[in-house]
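The analysis underlying the following values was restricted to heavy atoms, covering all of them including side chains, and did not include hydrogens, waters or symmetry mates. To find a chain, count down the sequence lines: A is the first, B the second, and so on, and within it residues start at 1.
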Amino acid sequence: MIDPKLLRQATADVAKNLARRGFVFDADAYLSLEVERKSLQIETERLQAERNTSAKRVGKAKAAGDDVAPLLAAVKDLGAKLEQAESSLQRVQTALRDIELGLPNLLSEHVPDGADESANVEVRQWGAPRSFDFPVRDHIDIGTQLGMLDFDAAAEMSGSRFAVMHGGLARLQRALIQFMLDTHSNEHGYEETYVPYLVHERALLGTGQLPKFEADLFRTTTETPFYLIPTAEVPLSNLARDRIFEAGELPRQYVAHTPCFRSEAGSYGQDTRGMIRQHQFEKVELVHLVPAQDSDKALEALTAHAEVILQRLQLPYRVVALCAGDVGFGAAQTFDIEVWLPGQERYREISSCSNCTDFQARRMQARVRNKDSGKPELLHTLNGSGVAAGRALIAVMENYQQADGSIEVPEVLRPYMGGASEIRVRD
RNA sequence: GGAGAGAUGGCUGAGUGGUCGAAAGCGCUCCCCUGCUAAGGGAGUAAGGGUUAAAAGCCCUUCGAGGGUUCGAAUCCCUCUCUCUCCGCCA
């Protein structure tokens, strides 16, 4: 959420910033509601104050044994007036809040202009795509020929966009996850964390998936519905909900491995083959909670942490600064990390690292006490994949494929694979 | 799933219709006193919002959440959520 104060005082600036995303903010409509809110709120609070003082007067009179009938008569119609004022105020405040909840975050000044992903700016590249002296297969062929990847069995029980993995391939994904968790917790200062995969609506309101993106989520049919998390960002960031951290308690860095569930509504026809885009996938997620002034630096650090994973795996990648039109709803600035996939002969997103500034913190009331003033201030949240395990698996399969259809196991994963150096068909 | 108990400020915990945003203790901050790492005395110490250019001040809201009764609710009524104990069941 954008600071409502800023919204009403610098409405034009806000609208201009959001316009960079291609978002149209109806400033006039907002301001006219805001004018209404102001007068209604002043009136409502005036009536509340009147009620409070008159109630106190009645109390005192009763204690003194005086007749309270005249006092009661004087405030006879106050209740009805107040009720009306309160409900009008609430109506306007709800309308304002609906607008506010639907506004994306303000973009950082560092974000390049552009309408869509074609305008994203490559920041750096690491490694060089390997050249193969045999016909390159994609992960679908590799996995299927190894007998370790089965989309038919998955479709049989769950439909499209699911996969079943067996043997070395299933283990390779687990190895990737463990390698990533170990690296981040042992070397990058993250606290390994286990979190719920089902969360209430308010958690998703906090991180910004709701109310706007309900269609992307799976929801249970229980009496009070749960949502399946689309990313561990949701539970991890919500660890800060309704909390006031002491200055010394920040920064906090959490890492968690979770499955992620996405309905992928609206992505029909995209990446329908293979494991690139699934309803369920594994991801290692990084979340930072930092004081406001530190979040730019934290975004650099977070991105670098994710990059280390790909470097250790010797997977070529590039880092891309998302342009204004491509930065997600809650983010002020985002770097995507894209890994080279030989099967597609292109770079594909494997991590997205975002600085959400105070956008989520305001929704969650996540704060840190300013050491000098003693006052609570909104903290900043950042999140990034470190990295998506399902896509990392694809990247390893395709980049480490060998002429005979086997997969070489990257050095750093061998300790997690019982020392195995390759994955091949069992005979 | 069954039975019971509970939810109050950073913590412990009082408060069953009025002067209660809330006793007391602990913790924390500042000051005073005191020559010995201790003790004592005093003051302060919730969050959100409105008004304001901003602050001060003033006002509003908040005692798990939502609704109701009342001139007035932490206190009474209803619904929900969560926590704890016992039983059952399970990983």
Check every atom of B/A47, B/C59, B/U61 against the side chain of A/Asn52 and return the nucleotide holding the closest atom.
B/U61
Does A/Arg91 pair with A/Glu36 as a salt bridge, N-O distance under 4.0 Å?
yes
Do the non-hydrogen side-chain atoms of A/Leu33 and A/Ile99 ever get within less than 4.5 Å of each other?
yes
Please measure how far the P atom in B/U85 lies from the corresponding atom in B/C36, and state the result in whole Å.
49 Å
So, A/Ser354 and A/Asn383: side-chain donor and acceptor under 3.5 Å apart, yes or no?
no
Rounded to whole angstroms, how far apart are CZ on A/Arg243 and C1' on B/A47?
16 Å
Taking only the P atom of each, what is the distance from B/G49 to B/A56 in whole angstrom?
14 Å
Using atom P of each nucleotide, how far apart are B/C76 and B/G25 to the nearest Å?
27 Å
Between B/G72 and B/G21, how far apart are the P atoms? Round to whole Å, please.
15 Å
Taking only heavy atoms on the protein side, list every residue of residues 362-371 of chain A lying under 4.0 Å from any atom of RNA chain B, sorted numerically.
A/Gln365, A/Arg367, A/Arg369
In whole angstroms, how far is the P atom of B/G66 from the CD atom of A/Glu86?
13 Å
Pair A/Glu282, A/His257: side-chain N/O donor-acceptor within cut-off below 3.5 Å:
yes
Atom pair distance, as rounded to whole Å: CD in A/Glu246 and P in B/G27
17 Å
Assess, by modelled atom type and distance only, whether the side chains of A/Gln48 and A/Glu86 contain a donor and an acceptor separated by less than 3.5 Å.
yes
Taking for A/Glu45 and for A/Gln90 the nucleotide of RNA chain B with the nearest heavy atom, the one nearer the 5' end belongs to A/Glu45
Between A/Lys60 and A/Gln48, which residue's closest nucleotide on RNA chain B lies nearer the 5′ terminus?
A/Lys60
Sequence neighbours excluded and cut-off under 3.5 Å, please list the side-chain donor-acceptor pairs for residues 173-183 of chain A, or say none.
residue  : atom : partner  : partner atom : Å
A/Asp182 : OD2  : A/Tyr416 : OH           : 2.6
A/Thr183 : OG1  : A/Phe179 : O            : 2.7

Give every pair of a protein N or O atom and an N or O atom of nucleotides 51-57 of chain B that lie under 3.5 Å apart, one pair per line with the distance.
residue : atom : partner : partner atom : Å
B/U51   : OP1  : A/Arg37 : NH2          : 3.3
B/U52   : OP2  : A/Lys38 : NZ           : 2.9
B/A54   : OP1  : A/Gln9  : NE2          : 3.0

Mind calculating the distance between CZ (A/Arg202) and P (B/C82) to the nearest angstrom?
9 Å
In B/S/- notation, 5' to 3', how is nucleotides 71-80 of chain B contacted by protein heavy atoms closer than 4.0 Å?
BS--------
For the pair made of CG in A/Leu89 and C1' in B/C59, what is the distance, rounded to whole Å?
14 Å
Could you work out, with ring-ring contact (aromatic ring centres under 6.0 Å, His included) as the rule, every residue matching A/Phe359, not counting sequence neighbours?
A/Phe329
Take the angle between the ring planes of A/His188 and A/His305 and call it parallel below 30°, perpendicular above 60°, tilted in between.
parallel
Would a 4.5 Å heavy-atom cut-off, applied to side chains only, mark A/Arg414 and A/Ser421 as touching?
yes
Pairing annotation in dot-bracket form, given for RNA chain B with Watson-Crick or G-U pairs under 3.5 Å and | for cross-strand partners
((((((((.[[[..)..(.....]]]((((((.......))))))((((((.....)))))).[[[[[..)....]]]]])))))))....
